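Note that these values count all heavy atoms, side chains included, but never hydrogens, waters or copies made by symmetry. By convention here, the first residue in the shown sequence is residue 1. Since the model is a prediction, treat every value here as computed from it, not as a measurement.
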Amino acid sequence: MSRTGARSATAGAGPAETGTSQRGAWTLAAAPLLAALAALFAVFLAGFDQRSAMPPDVAARFYGFFLDRYPLFAFALVYGLARILAAGLVPGPASWVRRLVGVLVGLALVLGVSLHPTFGGLVLRAGFGTGSGAFLNGTPMGLAYAMGAGAAAGLFGLALGLGARLAGRPGPAPTGSRWRRVGRALLGWIAGFLALWFAAAVIGLARDAGFGPWPRRPLDARDLVVAALLLTVAALPHMALVAARLRPRRTPRAPTSPAMSPLRPDAVA
């Protein structure tokens with residue numbers, strides 16, 4: 001093969017590989033949102049509401065004030081669980097045993113903070129307690145709501161991030177100085193918190209946006225559309241952030257022949 005043909009073949013292979021990896025990153029990032037929307041659609045098709053047959057202990061834990069006030073958190077919980085499962089599929093150095101154990105621990109963490117002692121768990125209790133306490137102390141309603149959403153997002157994000165890391169999600173690339181790595185990690189945590197803060201604020205507005213009284217009655221078509229739009233808008237920033245983290249980094253290729261040397265003007269693409 002001539003040097004020109006080899007150079008063309010090498011250049012043609014790179015974009016295809018990169019495109020496939022980028023598509024894989026977006027697939028893993030979008031899978032939790034698709035799982036949440038699938039759960040929403042299943043509830044709509046099944047006509048599931050609080051009159052549906054459930055074991056008394058399960059019904060007592062599931063139904064109550066927090067489900068009535070923040071119904072879309074049920075589907076946000078599906079998003080979080082699916083995010084842990086997707087993190088276990090991210091390519092990385094972790095063995096399958098570590099991934100399996102990490103996924104189980106991560107799922108337990110997210111379920112624990114979301115369902116103990118009842119639905120909403122520590123997450124919604126932290127958010128409601130922070131927001132209502134701030135409002136009762138004279139904080140404007142909008143700021144108190146933002147404070148509550150931030151408290152809920154911080155606790156949920158802590159469990160979600162730790163669970164995803166235990167499930168095998170790779171950490172920051174070990175490049176640059178120690179302080180630079182710490183700075184990148186800190187920026188990643190801040191970005192993740194802001195994305196979840198936005199999501200918590202959006203799904204908390206479900207009733208104000210016209211979402212019906214589910215689970216006191218089955219979902220109708222209008223509820224389905226409102227919930228799907230809110231869940232999608234809420235998840236987009238976090239989904240984009242996860243995709244950006246999973247996107248493969250471009251690394252410079254080493255010259256394979258003198259003709260490919262960057263010192264040769266005729267070898268520069």
Do side-chain atoms of Arg99 reach the backbone of Val90 as a donor and acceptor pair under 3.5 angstrom?
yes
Joint hydrophobic cluster, Phe75 plus Leu85, side-chain heavy atoms closer than 4.5 Å
yes
Do Pro71 and Phe211 have side chains that get closer than 4.5 Å, going by heavy atoms?
yes
Do Arg125 and Thr130 get their side chains close enough for a donor-acceptor pair, meaning under 3.5 Å?
no
Shortest non-hydrogen pair, Ala201 vs Leu205, comes out as O-CG, 3.3 Å
Are Asp68 and Tyr63 close enough that some pair of their side-chain heavy atoms sits under 4.5 Å apart?
no
Could you state the interatomic distance from CG (Leu104) to CG (Leu166), rounded to the nearest 0.5 Å?
11.0 Å
Under the side chain to side chain contact (heavy atoms under 4.5 Å, CB included) rule, what do Leu224 and Phe41 come out as? Steps first, then yes or no, please.
CA-CA 7 Å; Leu224 178 67; Phe41 195 62; 4.0 Å; yes
Going hydrophobic residue to hydrophobic residue with side-chain gaps under 4.5 angstrom, can you get from Leu111 over to Leu124?
yes
CG of Leu160 to CZ of Arg165, rounded to nearest 0.5 Å, is 13.5 Å
Assess the pair Phe66 and Phe119: is the distance between their ring centroids shorter than 6.0 Å?
no
For Trp214 and Leu67: C-alpha separation, side-chain torsions, deciding distance, then whether side chain to side chain contact (heavy atoms under 4.5 Å, CB included) applies.
CA-CA 9 Å; Trp214 182 85; Leu67 182 59; 4.1 Å; yes
Crowded around Arg217 CZ? As in, over 12 foreign heavy atoms under 6.0 Å?
yes
Examine distances only and state if a side-chain atom of Arg61 and a backbone atom of Leu115 form a donor-acceptor pair shorter than 3.5 Å.
yes
Is any side-chain heavy atom of Tyr70 less than 4.5 Å from a side-chain heavy atom of Ile203?
no
State the CG-OG distance between Leu81 and Ser114, to the nearest 0.5 angstrom.
7.5 Å
In short, Leu155 meets Ala126 closest at the heavy-atom pair CD2-CB, 4.3 Å
Ring centroid separation Phe198 to His238 under 6.0 Å:
no
Considering non-hydrogen atoms only, spot the tightest contact between Asp223 and Asp220 and give its length.
N-OD1, 2.8 Å
Check for a donor-acceptor pair, side chain of Ser52 on one end and backbone N or O of Asp49 on the other, with a separation under 3.5 Å.
yes
How far does CG of Leu122 sit from CG of Leu158, to the nearest 0.5 angstrom?
11.0 Å
Taking the six-membered ring for Trp, are the ring centroids of Tyr145 and Trp197 within less than 6.0 Å of each other?
no
Between Phe62 and Thr118, is the side chain to side chain contact (heavy atoms under 4.5 Å, CB included) condition met? List the steps.
CA-CA 6 Å; Phe62 191 65; Thr118 58; over 6 Å; no
Could you check whether any side-chain N or O of Arg222 sits under 3.5 Å from a backbone N or O of Gly210, counting only pairs where one atom can act as donor and the other as acceptor?
yes
Decide yes or no for Arg184 and Trp189: does some side-chain heavy atom of the first lie under 4.5 Å from some side-chain heavy atom of the second?
no
For residues Leu246 and Ala25, report the shortest heavy-atom separation together with the two atoms involved.
CB-CB, 3.7 Å
hydrophobic_cluster_shared for Leu236 and Phe156, side chain cutoff 4.5 Å:
yes
Indicate if Val123 and Leu107 have the same hydrophobic cluster label, given that clusters are the connected sets of ILVMFWY residues with side-chain heavy-atom separations under 4.5 angstrom.
yes
Hydrophobic cluster identity match, Leu77 and Phe65, side-chain contacts under 4.5 Å:
yes
For Ala240 and Trp26, which heavy atoms make the closest approach, and how far apart are they?
CA-CH2, 4.0 Å
Give, for atom OG1 of Thr232 and atom CG of Leu37, the distance between the pair rounded to the nearest 0.5 Å.
4.5 Å
How far apart are the closest heavy atoms of Gly168 and Ala94, and which atoms are they?
CA-CB, 4.3 Å
Please lay out, stage by stage, how Val242 and Leu28 fare under the test side chain to side chain contact (heavy atoms under 4.5 Å, CB included).
CA-CA 8 Å; Val242 171; Leu28 287 172; over 6 Å; no
Any donor-acceptor pair under 3.5 Å linking the side chain of Arg83 with the backbone of Pro32?
no
Just wondering, are more than 12 heavy atoms of other shown residues or ligands nearer than 6.0 Å to CZ in Phe135?
no
